[in-house]
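Just so we're clear, the structure is a prediction, and the values are computed from it rather than from any experiment.
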Amino acid sequence: KATSFDNAQAELHYLHNTEPGFTSPGDPASPSYSDSVALSNEITDGPFSLTTEFFWGNGDLGRPDVCGLTVMPAYYLTEKLQLVTTFQFAGSSEENGVTLPLRYEGQTNGAGDESGDAYFAGYGGLNYYFYGHKLKVMSGVKYTCLDGGSGGGDFNGWTWLLGARMAF
């Protein structure tokens, strides 16, 4: 209420990982960072919203520190149709400290070495809300670039995403 925005919030998250890189059969590995910090905010003013997040991870298991920034502006074109864009950047304190995200880009055939010095991604798409954030369809195009630096792998790729999200 202290701002002129419809909604304004800021969050600070801290994670201490006692077993970085721990693996067990059938489960994904624990992140390779002993300490992580994320500072995020979200503001909404009428049809416009802006979400940002800055993160930092203290590298372990031979991995360097990593930090990054995500910026996600969005605009409601109608009551149910929203234009969304996202810009992401990550870098590391040493060579090959940034890992290509495995969820989409890392699944690409020929992705090669999945680590580099700098990561950039840009996304543009539309969300259609049937029942608020509880039922929506999302579609968009994402461009990803991983700069392999010396000894790492370069990656440049486009991804088209289409999905339905349900939360009840």
Side-chain angles (χ1 to χ4, degrees), residues 1-20 22-24 26-58 66-92 98-109 111 114 118-146 155-168:
K1 292 185 179 189
T3 71
S4 63
F5 298 112
D6 296 335
N7 177 46
Q9 69 180 45
E11 296 180 1
L12 176 64
H13 296 266
Y14 170 74
L15 171 72
H16 177 69
N17 187 355
T18 58
E19 297 185 68
F22 173 79
T23 59
S24 64
D27 291 331
S30 175
S32 298
Y33 303 100
S34 58
D35 294 287
S36 301
V37 176
L39 176 63
S40 62
N41 81 309
E42 181 178 351
I43 57 171
T44 305
D45 193 13
F48 175 77
S49 67
L50 177 65
T51 303
T52 60
E53 181 173 74
F54 171 79
F55 66 87
W56 169 82
N58 181 26
V66 66
C67 66
L69 177 68
T70 299
V71 178
M72 185 171 62
Y75 187 84
Y76 277 95
L77 301 169
T78 69
E79 188 175 303
K80 294 193 175 267
L81 185 64
Q82 182 185 40
L83 172 67
V84 179
T85 59
T86 304
F87 304 96
Q88 298 172 302
F89 174 78
S92 65
V98 179
T99 304
L100 190 65
L102 294 177
R103 186 171 185 182
Y104 301 114
E105 294 90 343
Q107 302 298 322
T108 305
N109 289 334
E114 298 169 347
Y119 170 85
F120 170 80
Y123 170 86
L126 296 169
N127 295 340
Y128 187 82
Y129 295 87
F130 292 96
Y131 187 60
H133 286 284
K134 293 182 179 183
L135 180 59
K136 65 182 174 180
V137 174
M138 305 171 290
S139 181
V141 176
K142 181 179 181 182
Y143 172 72
T144 303
C145 174
L146 177 71
F155 178 84
N156 289 293
W158 291 89
T159 306
W160 174 62
L161 305 159
L162 174 65
R165 182 173 180 176
M166 295 180 282
F168 295 99

Run the side chain to side chain contact (heavy atoms under 4.5 Å, CB included) test on T144 and Y119 for me, step by step, so that the C-alpha distance in whole Å, both residues' side-chain angles and the decisive distance to 0.1 Å come before the verdict. CA-CA 8 Å; T144 303; Y119 170 85; 3.3 Å; yes
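- Residues A90 and F55 come closest through the heavy atom pair CB-CZ, 4.2 Å.
- Remark: E79 CD is loosely packed, at most 12 non-hydrogen atoms of other residues, nucleotides or ligands lying under 6.0 Å away.
- Distance NZ/K142 to CH2/W158: 12.0 Å, rounded to 0.5 Å.
- Considering every non-hydrogen atom in both V84 and A74, the closest pair reads CG2-CB, 4.2 Å.
- Y128 contributes atom OH, which lies 10.5 Å from atom CG of L135 (distance to the nearest 0.5 angstrom).
- Remark: L50 CG to N41 CG distance equals 6.5 Å, nearest 0.5 Å.
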Working for side chain to side chain contact (heavy atoms under 4.5 Å, CB included), residues E42 and N7: CA-CA 8 Å; E42 181 178 351; N7 177 46; 4.3 Å; yes
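- Using a 4.5 Å heavy-atom cutoff, the side chains of Y33 and L15 are not in contact.
- Side chain to side chain, D6 and T44 fail the donor-acceptor criterion of an N or O pair below 3.5 Å.
- For the atom pair L126 CG and K80 NZ, the distance stands at 15.5 Å (nearest 0.5 Å).
- The minimum heavy-atom distance linking F48 with P73 is given by the pair CE1-CB, 4.2 Å.
- Closest of all the heavy-atom pairs between F54 and G68 is CD1-O, 3.2 Å.
- For the atom pair OG of S36 and CG of N58, the computed distance is 8.0 Å after rounding to the nearest 0.5 Å.
- The ring-ring contact (aromatic ring centres under 6.0 Å, His included) test with H133 singles out one residue from Y129, Y131, F130, and that residue is Y129.
- Between Y14 and H16, the ring planes are parallel. Angles under 30° get that label, and only those over 60° would be called perpendicular.
- Taking all atoms of both residues into account, the shortest heavy-atom contact from G122 to F87 is CA-CD2, 4.4 Å.
- Within the 4.5 Å cutoff, the side chain of T3 has no heavy atoms near those of the I43 side chain.
- Note: N127 CG to M138 CE = 6.5 Å, rounded to the nearest 0.5 Å.
- When side chains are defined from C-beta on, T85 does not count as touching V71, because their heavy atoms never get closer than 4.5 Å.
- Across A118 and F89, no two heavy atoms sit closer than the pair CB-CE1, 4.1 Å.
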I would like to know whether T52 and L39 meet side chain to side chain contact (heavy atoms under 4.5 Å, CB included); could you show each step before the answer? CA-CA 8 Å; T52 60; L39 176 63; over 6 Å; no
